[in-house]
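Shown next, in structure tokens, is the structure this report addresses.
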Amino acid sequence: QVQLVESGGGLVQAGGSLRLSCAASGRTFSSLVMAWFRQAPGKEREFVTMIGWSGEVTSYDDSVKGRFTISRDNAKDTLYLQMNSLKPEDTAVYYCAASQSVAAFKSRWEYDYWGKGTQVTVSS
């Protein structure tokens, strides 16, 4: 089992920045593929970004490319999401997810463990 706890969400004005964190426990963090997903009211949960176990492989949805940066600290068992140039359409609950499969990529169904989410609200 893996426990994931997100933090760092909040209310920010358009153009501002936030840094989300996801603390992991229960399994060797460095063996997990990690990702961030988000879900806006009335919408499906969608992929934001993922990072491979070593941090060398990353992928971003086109909507956040160039504005968001995913990173991980395997020594601290923590995943991060730096969000810059935030837009009102980034408003959503952001979820941290972990997969035991080295092949996990962008599909939510590839991820085995989920946090409870943290709310990000961007005002215009």
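Side chains are part of it too, since the values below use all heavy atoms of this structure and drop only hydrogens, waters and symmetry mates. Quantities reported herein were computed from a predicted structural model and do not represent experimental measurements. Residue numbers run from 1 in the order of the sequence given.
- A salt bridge is defined here as a Lys NZ or Arg NE, NH1 or NH2 lying under 4.0 Å from an Asp or Glu carboxylate O, and Asp61 with Lys106 fails to meet this definition.
- Smallest separation of non-hydrogen atoms from Ser85 and Ser17: N-OG, 4.4 Å.
- No donor-acceptor pair under 3.5 Å is formed between the side chain of Asp112 and the backbone N or O of Gln1.
- Donor-acceptor pairing under 3.5 Å is lacking for the side chains of Thr78 and Asp73.
- Put simply, CD on Gln82 and CZ on Arg67 are 12.0 Å apart, with the number rounded to the nearest 0.5 Å.
- Taking both residues in full, the closest heavy atoms of Ala14 and Ser124 are given as CB-CA, 4.4 Å, listed atom of the first, atom of the second, then distance.
- A cation-pi arrangement, defined by a distance under 6.0 Å to the six-membered ring centre and an angle within 45 degrees of its axis, is absent between Arg72 and Tyr80.
- Taking each heavy atom of Ser101 and Val33 in turn, the nearest pair found is O-CG2, 3.4 Å.
- Remark: side-chain polar atoms of Thr91 are not paired, donor with acceptor, to backbone N or O of Thr121 under 3.5 angstrom.
- Remark: Met50 CE to Ser59 OG distance equals 6.5 Å, nearest 0.5 Å.
- Ring geometry, Phe47 versus Phe105: the interplanar angle falls from 30° to 60°, so the pair is classed tilted.
- Under 4.0 Å is where a charged nitrogen must lie from a carboxylate oxygen, and between Arg38 and Glu46 at least one such pair does.
- Annotation for Trp53 and Ser31: closest pair CB-C, 4.2 Å, computed over non-hydrogen atoms.
- Shown here are the salt bridge (Lys or Arg N to Asp or Glu O under 4.0 Å) partners of Asp77, two or more places apart in sequence or in another chain: there are none.
- Side chains of Lys116 and Tyr95 form no contact here, defined as non-hydrogen atoms less than 4.5 Å apart.
- The existence of a salt bridge linking Asp90 and Lys87 is excluded, since no basic side-chain nitrogen approaches an acidic carboxylate oxygen closer than 4.0 Å.
- Under the 4.5 Å side-chain criterion, counting only non-hydrogen atoms from C-beta, Ser21 is not in contact with Glu6.
- Atom CH2 of Trp114 has more than 12 neighbouring heavy atoms from other residues, nucleotides or ligands inside a 6.0 Å radius.
- No more than 12 heavy atoms of other residues, nucleotides or ligands shown are found within 6.0 angstrom of NZ on Lys43.
- Cluster partners of Val64, using a side-chain heavy-atom cutoff of under 4.5 Å among ILVMFWY residues and allowing indirect links, are Val2, Leu4, Val12, Leu18, Leu20, Phe29, Leu32, Met34, Trp36, Val48, Ile51, Tyr60, Phe68, Ile70, Leu79, Leu81, Met83, Leu86, Tyr94, Tyr113, Val120, Val122.
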